S.K.: 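Submitted below is the structure of interest, expressed as structure tokens.
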Amino acid sequence: MNDPQATLTEINTRIKQLGISQLELSRIVGAGPSNISRILHGKEKLTEKMANRLRDALGISSNSDVAIKSILSGKSTQYILSRWAAERGCSVNELITDCIKTALEMAALSSPQTSPPSTDQAAKQSSTQ
């Protein structure tokens, strides 16, 4: 972990994106809620082990730091994806497919669940139009 503050920012951003509480996160990670709170507020040192546990629980790749820095330094996206895929033991297409599936699942989890109107409701709506 090169930059603990950047890691904390990444973790806190992800918590907000997912809309989970620190209590929920502590249960997932298997740590006390007060420990999680102190870590997330920078009052307790974020160890490499805890950073990995939090990243795993939040679905954050530990390789994201490397990928972002590589993009910013001018390396091609194809190279980055190839390297990341090789580290995961899959093809670039499989990696991209997996990322898209994960993004869609996360979007579904974060959007309000609405059920389609029943057949009776749909019939009433069409008859009033």
Side-chain angles (χ1 to χ4, degrees):
M1 179 173 53
N2 296 336
D3 184 359
Q5 188 57 44
T7 301
L8 276 176
T9 300
E10 180 181 36
I11 289 168
N12 281 311
T13 299
R14 186 74 170 141
I15 290 167
K16 288 177 187 168
Q17 289 172 340
L18 295 174
I20 64 171
S21 69
Q22 289 180 12
L23 180 61
E24 290 172 302
L25 181 59
S26 70
R27 288 178 182 153
I28 294 167
V29 173
S34 59
N35 289 353
I36 295 296
S37 178
R38 286 194 303 272
I39 290 168
L40 295 178
H41 290 96
K43 295 180 181 179
E44 187 172 312
K45 182 182 177 196
L46 176 63
T47 64
E48 184 74 33
K49 183 177 179 180
M50 181 56 77
N52 289 335
R53 287 170 60 189
L54 289 166
R55 281 184 172 132
D56 287 346
L58 297 168
I60 299 171
S61 168
S62 59
N63 292 324
S64 62
D65 293 346
V66 174
I68 290 168
K69 287 177 183 173
S70 296
I71 290 168
L72 295 177
S73 70
K75 292 183 180 176
S76 74
T77 303
Q78 184 62 40
Y79 170 78
I80 296 163
L81 291 173
S82 297
R83 184 173 168 194
W84 196 9
E87 289 173 3
R88 292 185 67 195
C90 64
S91 71
V92 172
N93 287 340
E94 290 169 325
L95 176 72
I96 292 170
T97 301
D98 187 44
C99 288
I100 292 169
K101 284 180 184 177
T102 302
L104 291 172
E105 289 168 1
M106 289 172 27
L109 290 174
S110 65
S111 65
Q113 299 295 321
T114 57
S115 56
S118 68
T119 313
D120 294 337
Q121 289 173 332
K124 286 180 187 175
Q125 286 177 351
S126 65
S127 67
T128 59
Q129 294 175 358

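Just so we're clear, the structure is a prediction, and the values are computed from it rather than from any experiment.
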S.K.: Please name all residues satisfying side chain to side chain donor-acceptor pair (under 3.5 Å) with N35, sequence neighbours left out, ordered by chain then number.
M.R.: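 Listed in chain order: R38.
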
S.K.: Looking at CD1 of I39 and CG of N12, how far apart are the two atoms once the value is rounded to the nearest 0.5 Å?
M.R.: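 Nearest 0.5 Å value for the CD1-CG distance: 11.0 Å.
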
S.K.: Applying side-chain contact (heavy atoms from CB on, under 4.5 Å), can you list everything that pairs with L23, at least two apart in sequence or on another chain?
M.R.: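 Counting only residues at least two positions away or on another chain, L23 forms a side-chain contact (heavy atoms from CB on, under 4.5 Å) with S21, S26, R27, P33.
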
S.K.: Once side-chain contact (heavy atoms from CB on, under 4.5 Å) is applied, do any residues pair with Q22, and if so which ones, sequence neighbours excluded?
M.R.: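 With neighbours one apart ignored, the set is I36, S37, L40, H41.
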
S.K.: For A57 and I28, work out which heavy atoms get closest and say how close.
M.R.: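 The answer is CB-CG2, 3.5 Å.
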
S.K.: Please report the C-alpha distance between L25 and L58 in whole Å, then the side-chain angles of each, then the deciding distance to 0.1 Å, and finally whether the side-chain contact (heavy atoms from CB on, under 4.5 Å) criterion is met.
M.R.: CA-CA 8 Å; L25 181 59; L58 297 168; 3.9 Å; yes

S.K.: Sequence neighbours left out, what passes side-chain contact (heavy atoms from CB on, under 4.5 Å) with R53? Give chain and number order.
M.R.: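 Residues passing side-chain contact (heavy atoms from CB on, under 4.5 Å) with R53: V29, A31, K49, M50.
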
S.K.: For the residue pair E94 and C90, what are the closest heavy atoms and their distance?
M.R.: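 Heavy atoms only, the tightest pair is OE1-CB, 3.1 Å.
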
S.K.: Residues in side-chain contact (heavy atoms from CB on, under 4.5 Å) with D98, at least two apart?
M.R.: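 D98: side-chain contact (heavy atoms from CB on, under 4.5 Å) contacts with R88, T102.
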
S.K.: Which pairs, with at least one residue in residues 14-26 and sequence neighbours excluded, count as a salt bridge (charged side-chain N to carboxylate O under 4.0 Å, His left out)?
M.R.: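 Checked against salt bridge (charged side-chain N to carboxylate O under 4.0 Å, His left out) - neighbours excluded - no pair reaches residues 14-26.
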
